[in-house]
Amino acid sequence: MRVEGIVKCPECSSRSIEQDISRGEKSCLDCGLVIVENLIDPRAEWTDYDTNGKNMSRVGSPTTPLFHDKGLTTAIPWQNKDFSGKGLPGKTRVQFHRLRKWQQRANTSRGHERNLVVALLELDRISGTLGFNRTAREEAATIYRMSVERGLVRGRSIDAMVAASLYLMNQKLQLARSLENIVEATRCSRKEVSKAHKIIKSSLGIRTSIPEPGMYIGRFCSDLELPISVEQRSHEVIALAKEKELTHGRSPMGVAAAAIYIAGRIENSVRTQREIADISNVTEVTIRNRYKEIVSHLEIDLN
DNA sequence: ACACGTAGAGAACTGGT
DNA sequence: ACCAGCACTCTACGTGT
């Protein structure tokens, strides 16, 4: 496709620009310079495999673990109208009523399908309150699905298993949410969730990395509205603390909180221990202990 | 208001039975 | 499944600047 006039080639100033959608590039026809790469193809995804173009049909959205049927739904609309909007005659209407009913049953009748409907709704609700994005939700949904397939949910509360799937996903993707954060968003106890978490983790053999203090810095600093300089300094403090083995056995959140406190003092963007404690879910005492320890071992001089 | 320090309680993990 | 021991954190104070 030739796009004339609007864009000028930065190399030779020619206005003959070619846009190749299949390659996703815009390039100059005169000097060959590629001006834009990785363009998104805006066209609809029509597909036709066997009728040679006579029967083009739109493909659906990609499948997703977020719906119990992975998004491959057939929906019979509730309105009793045909494609042109006219009402259906009485006999047909009855027939469609029956079809809808059966389809509903077919969709959700098998035990674990119904389980998934409930579970994915809950998964979405918690994700909403905790601000998990789509990738995170899909990962958690996949973990939950696998648990259902392994029969792990039987006899356990769906809510606890959903919460555990979310927590496991959170660990896997290092999203820096604590077990407390997740428990707060559910109706079940900490004990139930951590038990479910253990079971899923061992049964599915999911590997998670140990929580590093560094992974909390970003979220804590942004919640505390601290400048990027403090964030960077906090990472430096943690790196030094690690070298001196001051992080072993200590709660990573406590270490992160202390590092932010120290970094704030160094960078003159002070937050009180109370403020940091509120955001990081550790107490002032823990922040004090960690920060005293770090400061004395690293010989950091705060004003 | 904030920082500091402390004692006892408590939660979470490990290893033993 | 329960228990003891442990290293760490929390609650709840009083004190200091």
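The figures here come from the full heavy-atom set of this structure, side chains too, leaving out hydrogens, waters and symmetry mates. So you know, we letter chains A, B, ... as the sequences are listed, proteins then strands, and number each from 1.
The distance from atom CG of Asn281(A) to atom C1' of dC8(C) is 17 Å, rounded to the nearest whole Å. Put simply, CD1 on Ile276(A) is 16 Å from P on dT9(C), counting in whole angstrom units. Between Arg290(A) atom CZ and dT9(C) atom P the separation is 4 Å, expressed in whole Å.
Residue pairs meeting the ring pair (Phe, Tyr, Trp, His ring centres under 6.0 Å) criterion with at least one member in residues 178-197 of chain A, sequence neighbours excluded, are Tyr167(A)-His197(A).
A distance of 11.5 Å separates OG1 of Thr186(A) from CG of Asn181(A), quoted to the nearest 0.5 Å. To the nearest 0.5 Å, atom NE2 of residue His235(A) and atom CG of residue Leu240(A) are 13.0 Å apart.
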Inset, instruction - Scan nucleotides 1-6 of chain B nucleotide by nucleotide, 5' to 3', and note B when protein non-hydrogen atoms come under 4.0 Å of the base, S if they reach only the sugar-phosphate, - if neither. - result: -SSBBB
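A donor-acceptor contact closer than 3.5 angstrom is absent between the side chains of Asp124(A) and Ser127(A).
Here Arg150(A) pairs with nothing under the salt bridge (charged side-chain N to carboxylate O under 4.0 Å, His left out) rule; sequence neighbours left out.
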